[in-house]
Structure formats: C-alpha cells, structure tokens
Amino acid sequence: MRRLADIRVDGQKTRLYDSVAAAMQLCGMTAQGSEASSVSDIASCSVIVFSDGRDEGSALSREELNGRITNLKIPVPIYSVAYSKTSKEYFKNLESLSKNSFGVYFLIGDAITRMTQVMEQIQNILLSDYVVTFLSYLPVDGESHALKLGVEYPSGSGKFNYDASSFEAIEAPPVPALQAAKAQLSSVLRPLPDGNPYYSAAAPAAPVAPVPAGVPAAR
C-alpha cells in the first residue's frame, strides 16, 4: 500500500508493454526479489492492467511481448480492465495480451460503475485458483479414474468445499522437473498398508442381538 501511495504520475507517457513486461519479471522472482523461483516452488502470480490499451514509446512491441508470454515456462495470467472515456481504438491490445496469457479481458468502456464488480470477479478468480500435485497409488493402466478434492477453509474449521474431476493413470513423461517432483512425493507418501487406494468409511459396528426376557446375560 505504501508503494502504491508513493506512485507519482509524472511520466507523461504510457509505456504499456514495458510495464507489463516488468510486472511479469517481478512475478518470476522470489519474495526477496533476488533469485528466480525454482519450478518445484511455484507461487501463483497474476498481473492486473488498468488501461485504455494505448502504448506510448515502449521499447517492446506488442508482438515481442506476446512472444515472451508464449515462451514462459509458467504462465502469468494478465487480467486486462479496458477503460476509457474517449476512445476504444486500442482496447484490442489489452485483449491480445489477456488471451495469449490465459488471463481474462474485461471490457469496461466508459462505464466506471462496473469497475467494482469487475474487481470482485478478478478477486474471485484468483482466490479460486489452485494447483494440486498428487501421487496416485493406482497402477498405470491408461484408464480414466475419478478424483475428488476437498479444500478446508478456514484451516481447522472443519468446513470443506468439494470438487470432482478425473485423471488418466499414465506413465509420467521423462521431464526432469516432473521426475524430481515424483521422487519428492514418493519420499513423503508411503505405500498404503492395505494397498487399497480408494477412500472407504469405517465399517459400522456389528448389531448386538437383544437378550430374550428371562434369560440371564452372560458375564
């Protein structure tokens, strides 16, 4: 908040593409800003752009920036909020960046009253975005298997939100990063005692037969 408060609008030009490139570079850095994050320690990061889409004097062109976006190993979604009271001529630049980065393009136009609603939508997207890495105990059979994920929020509250999906039990490709992640998971997740990978509730207790009247109970 202090950094935002210290911003001074004195450049007289909007270097849109250079600014987006700089934001993407910050997303690729650790919290300390000194080292690039490793693939095994990925933090979700996105860029939100408020602009009319007009670039004035960037060293990068739109094509060059889109080329950088395409070559990223880890996508950085760009959420573009296109707003202008004068011209919509350059909105297509924002739309291009968002679509190429797997982000979302929001057309505000001059309806500033929609700004709050759009920001709530972006917040909901960011808070609903999860990356799940898991180790399957199923043998490699090439078939599709059901998967159900439960997220407890707040932690320790006992309140879970569930979502269902599926995955294919296939051999992991020989990618060094995936092989390293698989080895790390294998060192933490031990083989199941009964070998059954499916969740099953505890078996109910056997019913107790009532004792007929007049018959003494066994001690």
Side-chain angles (χ1 to χ4, degrees), residues 3-4 14-55 58-83 90-108 115 117-136 144 147-149 151 153 161 163-185:
R3 290 186 180 184
L4 290 175
T14 301
R15 296 172 58 186
L16 175 65
Y17 303 139
D18 287 352
S19 299
V20 173
M24 290 168 48
Q25 186 175 10
L26 289 174
C27 282
M29 307 299 284
T30 61
Q32 293 78 16
S34 57
E35 297 179 357
S37 298
S38 64
V39 177
S40 60
D41 183 21
I42 300 172
S44 178
C45 188
S46 304
V47 175
I48 303 176
V49 181
F50 297 87
S51 178
D52 62 357
R54 183 178 182 180
D55 182 83
S58 283
L60 287 173
S61 66
R62 191 182 79 178
E63 290 71 23
E64 289 172 329
L65 178 56
N66 271 327
R68 290 190 182 186
I69 293 172
T70 302
N71 292 326
L72 286 176
K73 293 182 179 180
I74 303 170
V76 177
I78 298 174
Y79 298 93
S80 296
V81 182
Y83 171 75
Y90 302 99
F91 284 3
K92 60 185 179 182
N93 296 330
L94 299 173
E95 185 176 9
S96 172
L97 297 179
S98 291
K99 287 185 175 180
N100 193 34
S101 64
F102 302 100
V104 181
Y105 167 71
F106 295 92
L107 176 58
I108 297 292
M115 194 71 75
Q117 178 187 358
V118 166
M119 289 308 301
E120 289 175 350
Q121 286 182 258
I122 295 176
Q123 182 187 37
N124 182 62
I125 293 172
L126 297 180
L127 294 179
S128 303
D129 189 18
Y130 296 91
V131 177
V132 179
T133 304
F134 66 96
L135 180 65
S136 171
S144 180
L147 171 69
K148 195 164 195 176
L149 174 69
V151 177
Y153 183 82
N161 291 319
D163 198 4
S165 184
S166 62
F167 72 97
E168 288 182 300
I170 58 177
E171 188 69 32
V175 178
L178 291 179
Q179 296 293 341
K182 182 178 177 181
Q184 186 178 11
L185 286 173

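Keep in mind it's a predicted model, so treat the numbers as computed, not measured. Quick note: residue numbers are just sequence positions, from 1.
- For the pair Leu149 and Ser165, the minimum side-chain heavy-atom distance is 4.5 Å or more.
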request  = Kindly determine whether Leu72 and Met24 satisfy side chain to side chain contact (heavy atoms under 4.5 Å, CB included), including the steps that lead there.
outcome  = CA-CA 10 Å; Leu72 286 176; Met24 290 168 48; 3.5 Å; yes
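- Screening Ser61, Ser101, Ser96 for a side chain to side chain donor-acceptor pair (under 3.5 Å) involving Asn66 leaves a single residue, Ser96.
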task = Show your working on side chain to side chain contact (heavy atoms under 4.5 Å, CB included) between Leu65 and Leu16 and close with a plain yes or no.
result = CA-CA 10 Å; Leu65 178 56; Leu16 175 65; over 6 Å; no
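- A distance of 7.0 Å separates CG of Asp52 from CZ of Phe91, quoted to the nearest 0.5 Å.
- Summarising the local packing, CD of Glu64 is surrounded by more than 12 heavy atoms from other residues, nucleotides or ligands at distances under 6.0 Å.
- Counting heavy atoms from C-beta outward, Asp55 and Asn93 have side chains that stay 4.5 Å or more apart.
- Inter-residue side-chain proximity for Ile108 and Phe50 is flagged as unmet; no heavy-atom pair is nearer than 4.5 Å.
- Summarising the geometry of Ser98 relative to Ser80, their closest heavy-atom pair is OG-OG, 2.7 Å, with the distance given to 0.1 Å.
- Side-chain contact between Val47 and Val49 is present, with at least one heavy-atom pair separated by less than 4.5 Å.
- The 12-atom threshold is not exceeded at CZ of Arg68, counting heavy atoms of other residues, nucleotides or ligands nearer than 6.0 Å.
- Under a 3.5 Å cut-off, the side chain of Asn161 and the backbone N or O of Val151 do not form any donor-acceptor pair.
- Atom CZ of Phe102 has 12 or fewer heavy atoms from other residues, nucleotides or ligands within 6.0 Å.
- In plain terms, the two heavy atoms of Cys45 and Pro77 that are nearest each other are O-CD, 3.5 Å.
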request  = Test Lys99 against Tyr105 for side chain to side chain contact (heavy atoms under 4.5 Å, CB included), laying out the working first.
outcome  = CA-CA 7 Å; Lys99 287 185 175 180; Tyr105 167 71; 5.6 Å; no
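- Across all non-hydrogen atoms, the minimal contact from Gln179 to Pro174 is NE2-CA, 3.6 Å.
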Val81/Ile122 under side chain to side chain contact (heavy atoms under 4.5 Å, CB included): CA gap, chis, key distance, verdict = CA-CA 10 Å; Val81 182; Ile122 295 176; 4.0 Å; yes
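- With contacts defined as side-chain heavy-atom distances shorter than 4.5 Å, the pair Ile69/Val76 does not qualify.
- When side chains are defined from C-beta on, Phe106 counts as touching Tyr79, because their heavy atoms get closer than 4.5 Å.
- Summarising the geometry of Arg62 relative to Lys92, their closest heavy-atom pair is NH1-O, 3.8 Å, with the distance given to 0.1 Å.
- Of the possible polar contacts, one joining the Asn71 side chain to the Gly67 backbone as a donor-acceptor pair under 3.5 Å is found.
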